[in-house]
Chemist: 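Below are the structure tokens for one structure; questions will follow.
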Amino acid sequence: MGETLSFVSFVTKEKASPTHKKEKLMNMTDWTLEPRMREFELGDYLGAAPRWCPSCGNHTVLKCLQKLCKDLNLPPEKTVVVSGIGCSSRLPHHMGTYGFHSLHGRSLPVACGIRARRPDLSIFVVTGDGDCCAIGAGHWLHALRYNMKMTVMLLDNNIYGLTKKQTSPTTPAHTKTNTHPNGAPLDPVNPLATAISMTNASFVAQCVDWLPEHLYNTLLRAQQHPGLAFIRIRQRCPHFMKGHLDAFMNDPNKIQILTDPRGVLPGSLTQTYGTVEHDPTSYDDAMKHARQTDPIPLGLLYLNESALRYDEFTQKGIVTSEEEKLAAIEAELNKFAIL
Amino acid sequence: MGETLSFVSFVTKEKASPTHKKEKLMNMTDWTLEPRMREFELGDYLGAAPRWCPSCGNHTVLKCLQKLCKDLNLPPEKTVVVSGIGCSSRLPHHMGTYGFHSLHGRSLPVACGIRARRPDLSIFVVTGDGDCCAIGAGHWLHALRYNMKMTVMLLDNNIYGLTKKQTSPTTPAHTKTNTHPNGAPLDPVNPLATAISMTNASFVAQCVDWLPEHLYNTLLRAQQHPGLAFIRIRQRCPHFMKGHLDAFMNDPNKIQILTDPRGVLPGSLTQTYGTVEHDPTSYDDAMKHARQTDPIPLGLLYLNESALRYDEFTQKGIVTSEEEKLAAIEAELNKFAIL
Amino acid sequence: MQIHQHIIEFVSDAGEGAQTAGQCLGTVSAKMGNGIWTVEIIPAEVEPPRRSRAGASGNRVRIGSKKITNAGDQADLVVAFNEQVLYSRFDVGAMRDGTIILLDDKWASVDDENIRKEFADAVADFKNRKADIRFVPFESETKKHIKDPRHGKNIWALGLVCAIYDRDLKLAEIEITKKFAKKSQEIVDTNLKLLHAGYDWAMQNTDLRFSIPAEPSDVPKIVVNGNIALALGIMAAGIEVCSMYPITPATSISHYLAEAFPRMGCVVHQAEDEISAIGFAIGASFAGKTPVTITSGPGLALKNEFLALAIMAELPLVVVIVQRGGPSTGLPTRVEQGDLLSALYAQPGDAPKIVMAPSNHEECFHFIITARKLAETFRTPVIVLSDANLATGQQPIPRPNPKTTWFAPPIDQSDWDESVPPFDWDPQTGLSQRPIPGQKNGNYVVTGLAHDQNGRVAYESSINEHAMQARSRKLATLQHALKPPVIHGDPEGGDLLVIGWGSPRGAIEEAVDTLRAQGISVSSVTLKFLSPFEPNLKEIFSKFKHLLCVEINYSDPASFGDARRYSQLCTVLRAHTLCDIDCWSHVPGIPLTPKDIEAAILEHIDQKGIDKP
Amino acid sequence: MQIHQHIIEFVSDAGEGAQTAGQCLGTVSAKMGNGIWTVEIIPAEVEPPRRSRAGASGNRVRIGSKKITNAGDQADLVVAFNEQVLYSRFDVGAMRDGTIILLDDKWASVDDENIRKEFADAVADFKNRKADIRFVPFESETKKHIKDPRHGKNIWALGLVCAIYDRDLKLAEIEITKKFAKKSQEIVDTNLKLLHAGYDWAMQNTDLRFSIPAEPSDVPKIVVNGNIALALGIMAAGIEVCSMYPITPATSISHYLAEAFPRMGCVVHQAEDEISAIGFAIGASFAGKTPVTITSGPGLALKNEFLALAIMAELPLVVVIVQRGGPSTGLPTRVEQGDLLSALYAQPGDAPKIVMAPSNHEECFHFIITARKLAETFRTPVIVLSDANLATGQQPIPRPNPKTTWFAPPIDQSDWDESVPPFDWDPQTGLSQRPIPGQKNGNYVVTGLAHDQNGRVAYESSINEHAMQARSRKLATLQHALKPPVIHGDPEGGDLLVIGWGSPRGAIEEAVDTLRAQGISVSSVTLKFLSPFEPNLKEIFSKFKHLLCVEINYSDPASFGDARRYSQLCTVLRAHTLCDIDCWSHVPGIPLTPKDIEAAILEHIDQKGIDKP
Ligand SMILES: Cc1ncc(C[n+]2csc(CCOP(=O)(O)OP(=O)(O)O)c2C)c(N)n1
Ligand SMILES: Cc1ncc(C[n+]2csc(CCOP(=O)(O)OP(=O)(O)O)c2C)c(N)n1
Ligand code: SF4
Ligand code: SF4
Ligand SMILES: [Mg+2]
Ligand SMILES: [Mg+2]
């Protein structure tokens with residue numbers, strides 16, 4: 001041996017010439033110029049037609065996200081939508097951007113890995129209540145702690161949709177499901193409270209699928225956040241949880257809008273719903289709202305803009321040149337040199 | 001086919017006769033009588049000699065647990081100590097009881113499975129900060145929610161001990177470790193806050209390894225708890241985290257004892273440390289104490305005795321007789337009968 | 001016209017009830033004494049867009065005079081509510097020249113011009129492909145009796161098919177009543193009316209008539225799909241704990257169990273993930289209650305670390321894998337037999353365990369009972385490999401007669417003999433008895449670390465070798481206890497032996513029977529045990545000139561030469577026997593058909609230059 | 001006395017520095033131009049109780065005139081600070097008749113009577129076993145220079161050994177200075193004093209003298225252990241992201257990388273678990289940065305679901321597995337080659353991937369560079385299987401000369417040709433180029449579901465078959481591109497071919513050389529690729545009368561008959577070639593020795609009735 005690849009005679013064509021690549025790498029580093037140069041339309045963000053049940057809450061979320069991308073003029077090739085497995089996790093297929101439909105519960109490690117060395121991409125994550133709070137619970141806690149820049153949407157329909165009505169961690173106790181025909185035996189997880197409790201969590205908000213303006217405003221606010229924005233979206237699943245959110249839809253008293261200059265713009269919601277001023281930087285107040293289940297709070301519950309960001313750690317050295325790298329590896333080899 | 005096992009000619013001796021087994025099953029159901037009949041000594045709870053570093057904090061925890069078993073006269077054969085992998089997780093080997101040294105991060109699923117159909121056993125779980133809060137984080141949240149009767153001891157030394165000094169989720173930021181020689185990049189997880197945040201968590205306490213009386217009292221209090229008692233034990237690791245808890249050991253002002261009739265007996269601690277009355281049934285107060293890092297609170301932070309207990313669900317029907325079972329399966333078969 | 005067997009399909013948009021119609025037809029036929037095999041046609045989404053190919057939902061029902069062992073070849077008669085879902089059946093090759101198609105022609109006159117055009121184009125295309133298309137006004141006729149025909153035309157269509165196949169309407173009425181009883185009497189009545197309306201319409205408007213005479217059976221029977229058979233087996237085995245995490249196509253086992261298990265005093269635990277599910281099961285096992293954990297491929301991938309622990313710590317456990325299309329998320333609702341190698345070899349280190357595969361519904365039931373006994377006797381996990389084809393297909397099987405001896409005995413709580421170590425490996429068999437918590441003097445510590453007979457952590461070379469050998473010896477012991485597999489065809493040998501496992505058995509045997517009737521010297525064998533293998537395989541194989549594995553998993557075409565990757569059983573058998581076994585394997589996501597297997601056998605015989613008669 | 005090679009061991013309680021002494025001796029010898037191979041002796045606990053067998057810590061150093069390729073047979077000279085840790089070396093068979101043992105005799109005169117007795121008994125026992133015991137007052141001599149002799153006797157002992165083996169004290173001084181520079185000048189000085197004191201004591205008090213002349217090398221060299229070699233390879237491959245979760249014996253790769261990687265602008269990510277570690281790596285890969293993830297067996301067991309996704313979605317990835325004793329937690333610090341079958345077959349479904357195994361430190365370095373290139377060219381994960389023997393053993397290797405062509409090129413951000421689908425499988429090779437986020441018009445969705453060329457979810461049978469074949473074809477393509485393996489011995493054939501992979505290579509080749517020198521017709525071959533195999537294996541094997549796999553994993557003895565389970569490579573090669581390959585494999589937790597392999601070869605030749613000369 002002594003020479004790499006000497007036992008492999010195989011050679012493949014390189015698609016792009018090295019110069020070409022260098023040029024593009026530069027492009028990547030000054031990516032902020034890009035969006036100014038092109039104007040996108042809604043059609044640029046449409047992927048394969050959605051195959052959700054007709055009145056599924058996921059449709060609205062998809063539309064809000066597409067509109068957001070358009071309004072922010074995010075280049076589709078610089079946008080990545082990552083998901084796990086579930087009805088909700090089909091969302092990336094319906095976007096015209098890059099997408100990563102990963103494994104059940106594992107969207108967040110993938111999204112963090114994408115972010116690790118790519119500050120230039122816009123990253124959105126879609127996950128379900130089973131995906132995020134059951135099989136993905138460990139990753140969820142740790143992704144909140146890594147606090148890498150991305151927007152995470154938990155589509156919480158309080159049930160396992162895709163696999164046909166099994167109890168999820170957020171299924172209310174006593175709900176009859178296919179795995180608990182006599183009623184779910186435990187009280188549901190509160191994803192807001194647990195998210196807030198996690199060290200380094202920096203942005204925790206709540207929306208509902210049937211108020212798209214507020215959802216849109218929340219996504220918009222999340223875009224301005226330097227770290228991980230976690231948004232729990234209460235989502236209707238008319239197929240398996242018929243009417244389970246009707247009370248909140250029909251009775252304006254069951255919803256309370258959180259207002260604050262640092263929070264989410266309430267928009268036209270104030271015409272219908274009561275508001276309450278809330279300082280999202282107060283952990284205690286955030287926790288109080290998070291634990292309040294009737295009325296439910298909408299808006300930004302918790303904000304900590306000074307939380308450490310792990311992407312600042314992972315992105316160190318991203319522009320190191322080949323020459324610098326070569327010098328560094330030579331220096332390392334010298335440390336082990338004997339002759 | 002048509003007859004089970006017809007293709008297997010193999011037959012094994014059955015160890016005990018069925019009658020013998022029936023008799024013992026009855027014994028199992030009225031297990032409370034057992035302890036009255038025998039008196040145990042400390043020696044009954046000694047297993048293989050510990051191989052921890054000489055001044056490791058784990059030694060005290062082991063001794064407290066052995067003393068507890070003796071004082072409560074727990075029959076060793078009715079006691080199971082379950083663990084994951086790590087220095088701390090070697091503990092079951094050093095007990096004279098039944099033990100289960102499982103996989104890294106997986107002690108809690110195993111312990112819950114043991115409890116599922118065995119109300120008669122005393123179950124203790126030993127886990128480390130990596131074991132519980134990193135690889136085991138998802139199980140940890142869900143075990144808190146299942147709230148099955150057991151005592152869980154998190155031996156938190158703020159480091160990966162067994163694998164030789166890697167950053168753990170509870171390692172303070174900037175600590176130099178073998179995986180972060182320039183300092184850990186993130187603030188540490190707060191296991192108390194996150195445990196309390198979990199729906200159905202019912203008992204959350206904190207101890208330190210160098211105050212064995214208080215640790216003992218906490219274990220004792222945990223035994224009276226109907227559900228899962230989670231105890232975080234701040235543990236010294238002189239080998240890899242030399243002196244990291246010295247400040248708390250040396251300065252009495254850095255420790256605060258929580259007192260309440262429902263809480264842990266403070267014992268002689270009140271002579272040295274300041275106390276504060278604390279209502280453990282208040283979520284908000286519990287959360288405040290949990291988030292307080294200097295001074296640190298010792299004692300019972302959170303208590304919710306009315307939380308649902310999943311073992312009540314899993315143990316239903318545990319005494320069903322063979323005849324009843326046979327009738328039930330016959331009835332099921334009839335539902336599919338065509339001729 | 002009297003026939004021996006027919007394949008009837010119902011296809012519709014999801015939510016239009018074609019599955020119900022098919023199930024009823026199957027059960028009615030089974031009750032009439034016919035052999036049946038049903039296959040669900042399931043879309044991957046819950047409620048996919050209407051009129052879309054990938055959204056087709058329905059049922060295939062194969063009905064015969066004698067016992068039916070597989071889903072058969074192409075359909076003879078298809079009921080389709082729109083032409084797009086019908087397309088999906090053409091796409092998977094389910095149609096032959098002359099298949100009778102009863103298609104709703106309402107689409108020819110809807111307002112939407114696009115739809116009219118799609119319909120017209122499709123019909124022309126189907127005719128080109130030699131389908132025998134007949135238009136039936138399913139929707140307009142149904143509308144006469146119910147406001148929303150989407151929730152009624154299935155039963156009207158059932159009535160129609162009952163007329164065509166001379167089914168006993170009384171039996172159909174019973175099924176419908178059972179099906180809708182939970183809803184309301186009004187709904188039951190409406191559906192009964194629809195049944196008769198469909199029947200009457202057929203009597204008046206079509207002369208299609210087939211009769212499939214039944215051979216009455218003298219043994220009591222039940223009709224179940226494979227997942228129900230597994231669930232019933234779990235109950236009959238006296239298993240108390242089923243620990244699982246939902247995953248298609250295994251979940252329905254737990255749906256049924258969640259409902260029925262409490263009546264036996266038993267519990268289904270839905271864990272937070274697959275790792276926890278098997279960990280919980282292993283905890284229950286340690287505590288003396290041999291449990292079952294249920295999953296499919298992606299879940300199996302997550303359970304390996306714990307499976308290795310159970311093997312190392314010698315804890316009994318039954319693991320049911322209902323295989324689906326892989327790799328990765330793959331084809332979640334479709335059939336494949338792609339998890340064999342993974343079941344055998346997925347755990348790092350040497351991890352001997354028992355692997356079994358039922359090949360029909362009866363075995364689904366009985367193998368679980370065997371598996372639990374083996375798990376306990378051999379103190380090790382037993383994997384039972386089923387698949388999506390068995391899982392959702394319905395079949396009549398002899399009604400089992402449960403016995404208390406099938407149950408796990410109550411856990412032993414007698415004092416343990418202090419002189420017996422917790423791993424008292426028998427030098428001949430590798431077997432040992434295990435102490436259960438609660439047994440005085442049995443106290444020991446389970447560990448995944450290398451350990452000696454006392455369960456104490458040990459680093460010595462000789463102890464590691466000894467313990468490894470004890471665990472491995474158990475497989476040799478079991479193999480000696482097994483009977484050699486039975487040859488279907490000629491046990492004395494012949495030109496070709498087809499080797500299979502699991503669900504393709506029925507189709508393989510049907511193909512073999514057809515060809516043998518033509519004088520071709522072909523036989524087949526189905527392996528029930530994959531680890532250890534049943535004995536004498538090499539001897540059996542040596543009686544045949546050629547050997548061919550047929551399975552539903554990937555293999556490279558022979559043109560890949562030296563780099564060719566064989567199908568999964570084929571790979572393992574080649575290593576085991578050194579016989580030059582060839583393979584014909586595919587991954588169509590649907591069951592292999594007897595015709596395709598016939599063709600493969602003939603082609604193989606051609607290639608190998610064996611004389612055909 | 002002039003000798004060709006010697007094996008020297010240092011053993012002590014943990015914390016007494018025997019490892020440091022051994023490492024220094026190794027490096028000094030390498031610098032003098034000797035061939036060396038060192039093996040760490042590591043207890044499973046951090047600081048186990050003193051004077052306990054399982055707590056032994058230390059180093060074995062094999063020094064030779066020529067290149068040394070393995071840890072060798074039994075030790076020639078052992079330095080032991082107490083008799084209990086020494087026992088552990090007898091337990092693993094590391095001693096021969098006449099091994100010189102330099103043992104501290106302070107234990108003969110300690111206060112504790114038990115210890116005195118233990119010591120006396122042990123010494124008697126060792127003498128019985130024909131050890132050449134000589135007492136050396138390590139501790140009392142060390143005490144003359146330092147207060148706590150536990151932190152000094154190692155360097156005193158090093159001085160002693162340097163005198164015995166005529167080592168260059170200047171070089172030893174450099175190593176000691178390097179080692180203690182971080183602490184303080186005072187500590188450096190004390191240790192230098194101890195070095196000389198030990199040296200002087202030996203010159204005056206013993207006449208043991210050995211010289212191992214060195215053959216000076218003309219190529220520049222580095223001394224590294226296998227894990228450092230892998231880490232340097234990772235850097236030289238231009239990999240930017242190493243995503244891992246700590247696990248013995250893989251972790252030290254990331255310890256070194258965590259320190260050195262930032263200097264190349266790269267990052268080590270310590271994830272919350274192994275699943276997340278590989279998920280993070282796969283995310284980085286999707287984003288264009290081919291990463292490495294590092295683990296051992298138990299971690300591999302957790303990564304399978306994601307590995308299958310990477311294979312299905314065709315995402316390049318390098319996976320380094322440093323194998324340890326299994327199954328389950330097994331023997332975490334000990335060597336085994338038990339993860340081959342798992343690397344090949346652990347993912348449910350058909351999951352073709354590339355698997356390579358370095359057999360020495362030089363390959364550890366270069367294989368990573370190759371692996372990254374292959375991963376990207378073939379758009380698939382590449383598993384690199386190392387083991388605990390390579391991981392911790394030190395060896396001099398030619399200093400590599402890194403080139404920018406070894407680096408991953410900067411990620412392509414040019415516009416994607418819209419007419420090219422994201423999975424544009426070449427019909428001949430299965431290869432395709434992948435779009436990277438940021439490439440305009442390349443937008444596609446990665447999915448683990450079955451998908452067509454456009455990455456769109458697809459349920460059609462033909463698409464599934466086509467995609468599976470494209471992925472599988474890549475292995476055939478690679479195989480055609482590989483060269484056949486090189487025979488060590490006689491490429492024309494002979495009586496016996498020993499077949500191996502990975503770290504046993506050095507010991508196998510040494511055994512073969514010894515026997516060939518005796519006129520025995522034996523050769524050996526080491527496979528570098530395990531998936532796909534290198535070409536022409538069957539042809540090569542057919543030139544030899546008998547074939548024997550030698551590996552460090554479990555196989556049943558031949559007495560298990562039909563149920564016999566073969567060693568791992570043996571199993572796969574039997575299926576691949578249908579050659580009747582036998583195996584000699586063991587799981588002692590320590591490397592196989594040349595002597596044991598020699599004996600196995602001779603026994604095999606005996607059994608097979610081959611004439612010995
Ligand atoms: C490892 C693994 N386990 C289980 C599954 C099966 N599975 C797919 S989606 C899902 C749950 C979906 O529920 P949720 O995350 O709430 O998403 P929803 O469908 O409700 O949007 C499950 C259990 C899987 N695909 N992979
Ligand atoms: C699946 C798996 N991953 C990694 C390891 C290696 N490992 C063993 S213990 C440990 C961490 C120990 O840290 P902690 O849980 O804090 O326990 P401590 O040793 O500090 O008591 C790790 C990473 C393992 N045994 N199994
Ligand atoms: S099942 Fe529920 S979540 Fe899934 S698509 Fe239908 S409505 Fe939406
Ligand atoms: S390394 Fe730390 S935790 Fe482990 S035994 Fe030593 S002191 Fe205790
Ligand atoms: Mg959901
Ligand atoms: Mg720790």
Side-chain angles (χ1 to χ4, degrees), chain B residues 1-2 4-5 7-10 12 15-16 18 20-22 24-25 27-28 47-48 76-78 80 92-93 96-103 106 109-114 116-118 120-121 138-139 142 313-314 316-320 322 324-326 328-330 332-333 336-339, chain C residues 30-31 217 220-224 232 235-236 240-241 260 262-267 269 272-273 276 279-284 286-287 289 305 309 362-363 366 369-370 373 377 396 398-399 402 404 406-407 409-410 412-414 433 437-440 442-443 445-448 456 481-483 528:
Chain B
M1 279 277 306
T4 285
L5 265 172
F7 45 86
V8 183
S9 60
F10 191 87
T12 44
K15 195 177 161 239
H20 187 123
K21 282 183 183 169
K22 285 256 176 56
K24 287 294 159 180
L25 186 73
N27 244 353
M28 192 192 86
E77 73 274 12
K78 292 276 192 185
V80 183
H93 289 283
T97 63
Y98 279 88
F100 199 130
H101 180 210
S102 73
L103 298 175
R106 318 297 177 195
V110 169
C112 291
I114 295 172
R117 306 287 285 180
R118 295 295 302 266
D120 57 323
L121 302 173
H139 309 311
H142 284 275
F313 172 80
T314 63
K316 267 184 207 145
I318 199 164
V319 292
T320 313
E322 290 200 334
E324 289 167 319
K325 288 190 181 193
L326 208 54
I329 171 76
E330 287 286 356
E332 291 305 318
L333 287 168
F336 300 96
I338 50 166
L339 295 172
Chain C
K31 286 194 172 177
S217 152
K221 288 199 172 161
I222 58 173
V223 172
V224 286
L232 291 168
M235 290 197 276
E240 272 181 47
V241 176
R263 291 193 284 273
M264 291 192 69
C266 302
V267 64
H269 169 56
E272 63 271 20
D273 62 19
S276 185
F280 189 98
I282 286 175
F286 171 68
K289 312 280 186 169
E305 198 196 2
L309 175 66
E362 201 178 354
E363 290 182 349
H366 289 283
I369 298 160
T370 308
K373 286 218 170 147
T377 307
R399 185 189 190 287
T404 51
W406 291 359
F407 291 165
D412 189 354
Q413 294 284 280
S414 61
Q433 295 275 346
Q439 288 195 281
K440 212 167 119 184
N443 316 12
V445 181
V446 159
T447 180
R456 299 254 167 74
L482 296 176
K483 298 182 181 146
K528 296 172 203 281

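Proteins come first, then strands; the chains are lettered A, B, ... in the order of their sequence lines, and each starts at number 1.
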Chemist: How far apart are the closest heavy atoms of His101(B) and Thr447(C), and which atoms are they?
Modeler: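 So the minimum-distance heavy-atom pair works out to ND1-OG1, 3.0 Å.
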Chemist: State which residues pass ring pair (Phe, Tyr, Trp, His ring centres under 6.0 Å) with Phe407(C); sequence neighbours excluded, sorted by chain then number.
Modeler: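 Per chain and number, Phe407(C) pairs via ring pair (Phe, Tyr, Trp, His ring centres under 6.0 Å) with no residue.
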Chemist: Kindly give the heavy-atom pair with the smallest separation between Ala116(B) and Phe280(C), and that separation in Å.
Modeler: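 The pair with the smallest heavy-atom distance is CB-CZ, 3.4 Å.
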Chemist: Evaluate Ile338(B) against Arg399(C) for side-chain contact (heavy atoms from CB on, under 4.5 Å), listing each step before the verdict.
Modeler: CA-CA 9 Å; Ile338(B) 50 166; Arg399(C) 185 189 190 287; over 6 Å; no
Chemist: Which heavy atom of Val241(C) sits nearest to which heavy atom of Arg117(B), and what is that distance?
Modeler: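 Smallest heavy-atom distance, with atoms named: CG2-CG, 3.6 Å.
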Chemist: Walk me through whether Glu332(B) and Met264(C) qualify under side-chain contact (heavy atoms from CB on, under 4.5 Å).
Modeler: CA-CA 10 Å; Glu332(B) 291 305 318; Met264(C) 291 192 69; 6.0 Å; no
Chemist: Which atoms form the tightest heavy-atom contact between Arg118(B) and Pro437(C), and what is the distance?
Modeler: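 Nearest pair, atom of Arg118(B) first, then Pro437(C): NH2-O, 3.0 Å.
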Chemist: Would you name the heavy atoms of Pro402(C) and Ile329(B) that are closest together and state the gap between them?
Modeler: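 In terms of heavy atoms, the two residues are closest at CG-CG1, 3.8 Å.
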Chemist: Closest heavy-atom contact between Cys266(C) and Lys325(B)?
Modeler: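 Smallest heavy-atom distance, with atoms named: SG-NZ, 4.3 Å.
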Chemist: What part of Ile282(C) gets within 4.5 angstrom of chain B, counting heavy atoms only: side chain, backbone, both, or neither?
Modeler: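 When you check distances to chain B, atoms from both the backbone and side chain of Ile282(C) fall under 4.5 Å.
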Chemist: Can any side-chain N or O of Tyr98(B) pair as donor or acceptor with the backbone N or O of Val446(C) at less than 3.5 Å?
Modeler: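 Looks like no, no N/O pair under 3.5 Å.
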Chemist: Between Gly317(B), Gly99(B), Pro92(B), Gly47(B), which has the largest tally of heavy atom pairs under 4.5 Å with chain C?
Modeler: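 Answer, by heavy-atom pair count under 4.5 Å with chain C: Gly99(B).
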Chemist: Where on Lys316(B) is there a heavy atom nearer than 4.5 Å to chain C: the side chain, the backbone, both, or neither?
Modeler: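 Just the backbone, heavy atoms under 4.5 Å.
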Chemist: What distance separates Thr320(B) OG1 from Arg263(C) CZ, expressed to the nearest 0.5 Å?
Modeler: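 Going from OG1 on Thr320(B) over to CZ on Arg263(C), the span is 13.0 Å.
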Chemist: Which bit of Ala236(C) comes within less than 4.5 Å of chain B, counting heavy atoms only: side chain, backbone, both or neither?
Modeler: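 When you check distances to chain B, atoms from both the backbone and side chain of Ala236(C) fall under 4.5 Å.
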Chemist: Between Thr97(B) and chain C, which part of the residue has a heavy atom less than 4.5 Å away: side chain, backbone, both or neither?
Modeler: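 Only the backbone of Thr97(B) comes within 4.5 Å of chain C.
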